[in-house]
2 protein chains.
Amino acid sequence: MQKSQDVLVLLRQIIRATELHDKQLSRVTGLTMPQLMSMQVLHMQGPMTVGALANQMNLTQATVTSILDRLEKKQLTTRVRSQEDKRKVLVYPTGEGLALLKSAPATLQDRLINAFEEMQEWEQSMIVASLERISSLLGADSIDAAPMLDVGPLDRS
Amino acid sequence: MQKSQDVLVLLRQIIRATELHDKQLSRVTGLTMPQLMSMQVLHMQGPMTVGALANQMNLTQATVTSILDRLEKKQLTTRVRSQEDKRKVLVYPTGEGLALLKSAPATLQDRLINAFEEMQEWEQSMIVASLERISSLLGADSIDAAPMLDVGPLDRS
DNA sequence: GACAATTACTTTGCAAACCTATGTATAAAA
DNA sequence: TTTTATACATAGGTTTGCAAAGTAATTGTC
C-alpha cells in the first residue's frame with residue numbers, strides 16, 4: 001500500500017524539519033539545545049525547582065544541574081534557595097535570559113500558525129482530525145506535550 | 001484560535017512519542033541513538049562511504065568516525081577501503097549487526113501501518129492530504145526523508 | 001526530642017556525542 | 001611535477017547524560 005509509505009515519509013519529513021529548525025535556532029542564540037530548552041521551559045511555565053525542570057525535560061537532576069551551571073555562567077538564569085523549604089532551589093530566568101529569547105527570529109510554529117489561520121474552516125478541521133487520529137494510534141495522546149512545537153522563542157504566554 | 005493550538009500540541013505529542021520510542025529501542029538494543037541511527041541508515045540504504053553516512057545524518061565526518069569506531073568495536077560494522085579510490089572507505093553492516101536490527105521488537109511504525117491499513121479509504125486520503133499540507137507549510141517537503149519514521153528495525157526493504 | 005527515612009540538590013567520575021582544526025594519504029589539475 | 005582538492009583519521013575541546021555518593025533539610029515514628 002503506497003499510502004502507508006506516504007504517511008511514514010511525511011511524518012519523517014515533518015519531524016526532520018523541526019529538528020533542523022531547532023538546530024538553526026540553537027546556532028542563532030549561541031545556546032546548545034538542552035540549554036535553549038531549559039530557557040524555554042522556564043519562560044513558558046515560570047520559575048520552578050531544579051527537580052521540576054528535570055522532570056519537564058525527562059533528564060536526571062544531575063544533568064540539569066550541570067546545564068544550569070553553564071546557563072548561570074552566561075548570566076541567563078539564577079538559582080535561589082527556597083525559604084519555606086531550604087532543600088528546594090528555584091530557578092529563575094534573568095532579564096538577560098528573557099531578552100535573548102525575544103531576540104530570536106520567528107519560529108517554525110509562527111509560520112505554521114499564520115498559514116493555518118488562513119485556511120478554510122473545513123481544512124482546519126480535517127487537519128486537526130487527522131493529527132488526532134495519528135496521535136492516538138501512536139499512543140501519543142496520553143503525553144503531556146509542552147505547548148510548543150519546538151524550542152522556539154515566543155511571547156505567547 | 002483554539003484549533004491552531006491544537007495543531008501545535010498534537011504535533012508535539014506525535015514527535016514526543018517517536019522520541020520516547022527511539023529511546024526505548026535504544027535501551028533494548030544496547031546501542032546509543034546515533035549508533036542505532038547509523039546502523040539503520042546502512043541497513044536501509046546499503047553500504048556507503050563515511051562521508052555519505054555523515055551527510056545522511058547531518059553530522060561531521062569526525063563525529064561519524066568516532067561512532068564507527070565504537071560500532072566496529074562491537075563488531076556491528078566493518079570498514080573496507082575502496083580499491084578504485086583508495087581515499088574512500090566503505091562502511092558495511094556485519095551479519096551480526098543486521099541480526100541485531102532484526103531481533104528488535106515491533107516498531108511504532110509497524111503499529112501505525114497496521115492501524116492505517118485498517119482504515120477506510122477516505123480516512124487514509126484525508127490523513128495523507130493533511131500531512132502533505134503541514135509538511136509543505138513547514139517547508140519540509142523538500143527534505144529527503146529516509147524511509148522510516150524512527151530508527152526502528154524493519155525488513156521492509 | 002531523638003533518630004531513621006525521605007527528599008532535594010550537588011559533586012564526582014565516566015562514556016559518548018559533538019565540534020573545529022589539523023594531519024595523512026590519494027587523486028586530479030595545472 | 002608541483003599544486004590543489006578530496007576522503008578519512010586524529011587531536012583536543014566542550015557539552016550532554018548517567019549512576020553513585022555526598023550534603024543538607026524535612027518528615028515520620030517511637
Side-chain angles (χ1 to χ4, degrees), chain A residues 19-20 22-42 47-92 151, chain B residues 19-20 22-42 47-92 151:
Chain A
E19 275 175 18
L20 293 177
D22 285 354
K23 279 197 179 176
Q24 187 218 330
L25 202 56
S26 167
R27 277 194 303 275
V28 170
T29 58
L31 298 180
T32 63
M33 289 261 302
Q35 288 169 7
L36 189 52
M37 188 66 151
S38 301
M39 293 300 302
Q40 264 312 320
V41 172
L42 289 175
M48 62 181 73
T49 65
V50 176
L53 188 53
N55 281 339
Q56 284 290 319
M57 303 196 292
N58 268 290
L59 299 175
T60 62
Q61 264 183 14
T63 298
V64 171
T65 291
S66 75
I67 291 171
L68 290 177
D69 288 343
R70 273 162 231 124
L71 284 175
E72 207 150 286
K73 197 152 59 182
K74 294 180 189 179
Q75 317 251 340
L76 300 178
T77 59
T78 47
R79 275 178 278 201
V80 179
R81 190 162 289 274
S82 166
Q83 284 312 303
E84 302 93 57
D85 185 340
K86 289 179 183 167
R87 293 170 304 178
K88 296 184 181 177
V89 172
L90 289 168
V91 186
Y92 291 83
V151 285
Chain B
E19 275 176 17
L20 293 177
D22 285 353
K23 279 198 180 176
Q24 187 218 330
L25 202 55
S26 167
R27 277 195 303 275
V28 170
T29 58
L31 297 180
T32 64
M33 289 262 300
Q35 288 170 7
L36 190 52
M37 188 65 153
S38 301
M39 292 299 302
Q40 264 311 322
V41 172
L42 289 176
M48 62 181 71
T49 65
V50 176
L53 189 52
N55 281 339
Q56 284 291 320
M57 303 196 293
N58 267 289
L59 299 174
T60 63
Q61 265 180 16
T63 298
V64 171
T65 290
S66 75
I67 292 172
L68 290 177
D69 287 343
R70 286 180 282 274
L71 284 177
E72 206 150 286
K73 198 152 58 182
K74 294 179 189 179
Q75 317 250 340
L76 299 178
T77 59
T78 47
R79 276 178 277 202
V80 179
R81 191 162 289 276
S82 165
Q83 283 313 303
E84 302 92 58
D85 185 340
K86 288 181 181 166
R87 292 169 305 179
K88 296 184 180 175
V89 172
L90 289 168
V91 186
Y92 291 84
V151 287

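The structure displayed is predicted, hence computed values, not measured ones. Atoms considered below: every heavy atom in the structure, side chains included; atoms not considered: hydrogens, waters and symmetry mates.
- Rounded to whole Å, the distance from CG on A:D69 to C1' on C:dT10 is 9 Å.
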Pairs under 3.5 Å (N/O, protein and nucleotides 13-17 of chain D):
from   : atom 1 : to    : atom 2 : distance (Å)
D:dT16 : OP1    : A:T32 : OG1    : 2.2
D:dT16 : OP2    : A:R70 : NH1    : 2.3

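- Within the structure, every side-chain polar atom (N or O) of A:R79 is placed at least 4.0 Å from both OP1 and OP2 of C:dC9.
- Summarising the geometry, the separation between CD on A:E72 and P on C:dT11 is reported as 11 Å, rounded to the nearest angstrom.
- When the P atom of C:dC19 is taken as reference, atom CE of B:M57 falls 10 Å away, rounded to whole Å.
- Among the heavy atoms of the strands, none lies under 4.0 Å from A:R27.
- Applying the side chain to side chain donor-acceptor pair (under 3.5 Å) rule to A:Q61 yields no partners; only residues at least two apart in sequence or on another chain are considered.
- By the side chain to side chain contact (heavy atoms under 4.5 Å, CB included) test, A:S26 is found to be paired with A:M33, residues two or more places apart in sequence or in another chain being considered.
- Residues B:L68 and B:V91 have side chains in contact (heavy-atom distance under 4.5 Å, counting atoms from C-beta outward).
- The side chain to side chain donor-acceptor pair (under 3.5 Å) test applied to B:S66 returns B:R70, not counting sequence neighbours.
- One atom, CG of B:L71, and another, P of C:dA15, lie 17 Å apart when rounded to the nearest Å.
- Checking side-chain atoms of A:S38 against main-chain N and O of A:P34 turns up a donor-acceptor pair under 3.5 Å.
- Partners of B:V80 according to the side chain to side chain contact (heavy atoms under 4.5 Å, CB included) rule, which considers only residues two or more places apart in sequence or in another chain, are B:Y92.
- Proximity of B:T65 to the phosphate of D:dA9: a side-chain N or O atom is located under 4.0 Å from OP1 or OP2.
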Show me the donor-acceptor pairs, under 3.5 Å and distance only, between side chains in residues 71-78 of chain B and residues at least two apart or in other chains.
from  : atom 1 : to    : atom 2 : distance (Å)
B:E72 : OE1    : B:R79 : N      : 3.3
B:E72 : OE1    : B:R79 : NE     : 3.1
B:K74 : NZ     : B:Q35 : OE1    : 3.0

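- Look at NZ on B:K88: it is 12 Å from P on D:dT6, rounded to the nearest Å.
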Set out, line by line, the N/O atom pairs under 3.5 Å between protein and nucleotides 27-30 of chain C.
from   : atom 1 : to    : atom 2 : distance (Å)
C:dA27 : OP1    : B:K86 : N      : 3.1

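- Residues forming a side chain to side chain donor-acceptor pair (under 3.5 Å) with B:D85 (at least two apart in sequence, or on another chain): B:R87.
- In this view, B:N55 satisfies the side chain to side chain contact (heavy atoms under 4.5 Å, CB included) rule with no residue, not counting sequence neighbours.
- Protein atom CG of A:N55 is 13 Å distant from nucleotide atom P of C:dT7, rounded to whole Å.
- Look at CD on B:Q61: it is 14 Å from C1' on C:dA21, rounded to the nearest Å.
- Comparing A:A62 and A:R81 by the nucleotide of DNA chain D that holds the closest heavy atom to each, the one mapping nearer the 5' end is A:A62.
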